[in-house]
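Since this is a predicted model, take the numbers as computed values, not measurements.
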Amino acid sequence: MDTRESKTPEEERQHLKEVRQPEDFEHPEPDEDQPEAKQPPQNLHWVLLVAALIAGAILIFTLVWP
């Protein structure tokens, strides 16, 4: 990350050139072609389900148990 306050005129021109170019959807970035980037995490829904069940059980026990 660039933390400098000001850019040289050449850096400013290069930045403006990059910002003004439209995104090329026909030729995506190389990482978008990787199959692992397109696949959702395999066991994420199970982890979320277990976490929700544990949170629900804790909530019930804290409200019901004297």
Side-chain angles (χ1 to χ4, degrees):
M1 186 168 118
D2 191 7
T3 58
R4 294 181 293 170
E5 289 295 323
S6 61
K7 297 180 179 178
T8 64
E10 181 60 37
E11 288 175 331
E12 189 68 31
R13 272 188 242 112
Q14 181 66 25
H15 172 71
L16 289 175
K17 185 192 288 186
E18 290 172 358
V19 170
R20 289 183 180 169
Q21 289 178 347
E23 189 170 349
D24 185 11
F25 292 105
E26 292 180 7
H27 303 93
E29 294 293 320
D31 58 342
E32 291 182 9
D33 291 333
Q34 296 174 351
E36 61 269 12
K38 295 180 181 178
Q39 295 175 351
Q42 296 295 329
N43 295 324
L44 182 62
H45 60 281
W46 290 113
V47 172
L48 292 176
L49 178 65
V50 169
L53 289 174
I54 291 173
I58 291 172
L59 184 65
I60 289 173
F61 280 121
T62 56
L63 293 177
V64 174
W65 217 268

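- The line from OG1 of Thr8 to CZ of Arg13 is 8.0 Å long, rounded to the nearest 0.5 Å.
- In this structure, Leu53 shares a hydrophobic cluster with Trp46, Leu49, the cluster being traced through Ile, Leu, Val, Met, Phe, Trp and Tyr side chains under 4.5 angstrom apart.
- Hydrophobic clustering places Val50 together with Ile58 (ILVMFWY residues linked when any side-chain heavy atoms are closer than 4.5 Å, directly or through intermediates).
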